[in-house]
2 protein chains.
Amino acid sequence: MKLTEPKARKLAELFSALSDASRIRIIAQLMGGEMSVRALADGLGMTESAVSHQLRGLRQMHLVRARKAGRQVFYSIDDDHVSRLFTLGLDHVQHG
Amino acid sequence: MKLTEPKARKLAELFSALSDASRIRIIAQLMGGEMSVRALADGLGMTESAVSHQLRGLRQMHLVRARKAGRQVFYSIDDDHVSRLFTLGLDHVQHG
DNA sequence: TGAATATATGAACAGGTATTCATATATTAC
DNA sequence: GTAATATATGAATACCTGTTCATATATTCA
C-alpha cells in the first residue's frame, strides 16, 4: 500500500494519542458517557491538571469533545471511529 | 467502561507500536504482502538497522511476523486486527 | 464587589524512544 | 575453510512526552 509521508505522520499522531495508559483509561471512562474533568480525575486518581493536559491532546486529535455547562466542562467520545478503534485494540490485546 | 490498569497499559503499548511514522510506513508497505528487511529499507529510504529495530518492536506486539527463508527474513502483517486498525485509523484521519 | 470552584496552561524536570554506528550472528557460495 | 550477504543487536545520543507545580482564566454565589 502506498502512503504519503504526511499521511503516515497524521496516522502516527492519531495512534500516539492512544499510546498512553492514562489516556486509555480516560477514554475507557468516557465510553460510559460524558464526564466532567473532576469526575475523570477522581475516578482515575489523577490530578485535574494532568487530566486536563491529556484531554487537550485528545481534543486536538478529535478523539474527545467538550461541552461547557456553567463552570464545568463535560467530555465525551468524539465519534464512532474512536470507540471502534478502542474496542478493536482491546480485542487484539485480549485474544492476541 | 471499566478497565484494569494492566489492560490499559497493554492497550497503550499496542497503540504505541503504531505511534511512529516509520512504523506506520512499514505497515503500509506490508499491506501489499510480505517483504524482506532490505526491500522495506530500500522502499522507505531507511537503513536496514533502523528498520530491523522497528520490526523487532512490531514483532513483540504481534503486529507483524517473520518468515525466514535462507538468509533473508520476510515480514508480513500478523493478523487481521492489524489491517483493520490501520484502515480504521486511516479513515479517521481522512474524513476526521 | 469578593470568595470559591472548575478548568486550562506554561515551565521544568524525569523518563522514554528512534536513529546511528559499530559489531555480532547466520546463511550461502566458492 | 574464507568471503560475501542479510539481519540483528548493544550503546550512545538527541529528541520527545507526561507529570507536577504554580498560576491564570472563567463562572457562580453571596
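The chains referred to below are lettered A, B, ... by the order of the sequence lines, with proteins before strands, and numbering in each begins at 1.
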Distance in Å, [X] [atom1] paired with [Y] [atom2], rounded so as to fall on 0.5 Å steps:
| X | Y | atom1 | atom2 | result |
| --- | --- | --- | --- | --- |
| B:Leu58 | B:Arg23 | CG | CZ | 6.5 Å |
| B:Leu18 | A:Leu14 | CG | CG | 9.5 Å |
| B:Ser19 | A:Leu11 | OG | CG | 10.5 Å |

Strand contacts (DNA chain D) in residues 48-58 of chain B, 4.0 angstrom heavy-atom criterion: B:Glu48, B:Ser49, B:Ser52, B:His53, B:Arg56
Which ones in residues 63-76 of chain B lie close to DNA chain D, meaning a heavy atom under 4.0 Å from one of its atoms? B:Arg71, B:Gln72, B:Val73, B:Tyr75
Can you find a heavy atom in the side chain of [X] that is under 4.5 Å from one in the side chain of [Y]?
| X | Y | value |
| --- | --- | --- |
| B:Met1 | A:Leu90 | yes |
| B:Met61 | B:Asp78 | no |
| B:His62 | B:Val82 | no |
| B:Leu40 | B:Leu55 | yes |
| A:Phe86 | B:Leu3 | yes |

Taking side-chain contact (heavy atoms from CB on, under 4.5 Å) as the criterion, tell me which of B:Val51, B:Ile27, B:Val37 meets it with B:Tyr75. B:Val37
Do B:Met46 and B:Met35 share a hydrophobic cluster, counting only Ile, Leu, Val, Met, Phe, Trp and Tyr and linking them when any side-chain heavy atoms are less than 4.5 Å apart? yes
Which pairs pass side-chain hydrogen bond (donor to acceptor under 3.5 Å, both in side chains) with one or both residues in residues 29-38 of chain B, sequence neighbours excluded? B:Glu34-B:Arg67, B:Arg38-B:Glu48
If you look only at pairs with a residue in residues 54-65 of chain B, which of them pass as a salt bridge (Lys or Arg N to Asp or Glu O under 4.0 Å), with sequence neighbours excluded? none
Taking only residues at least two apart or on different chains, which pairs with a member in residues 1-16 of chain A satisfy salt bridge (Lys or Arg N to Asp or Glu O under 4.0 Å)? A:Glu5-A:Arg9, A:Glu5-B:Arg25
Using modelled atom types only, decide if a donor and an acceptor are shared between the side chain of B:Ser52 and the backbone of B:Ser49 within a distance under 3.5 Å. no
Would you please name every residue forming a side chain to side chain contact (heavy atoms under 4.5 Å, CB included) with B:Arg71, sequence neighbours left out? none
Interface with DNA chain C, restricted to residues 36-47 of chain A and to heavy atoms under 4.0 Å: A:Ser36, A:Val37, A:Arg38
DNA chain C-proximal residues of residues 18-26 of chain A, any heavy atom under 4.0 Å: none
Under 4.0 Å from any heavy atom of chain B: name the first and the last nucleotide of DNA chain C that qualifies, 5' to 3'. C:dA18 to C:dT28
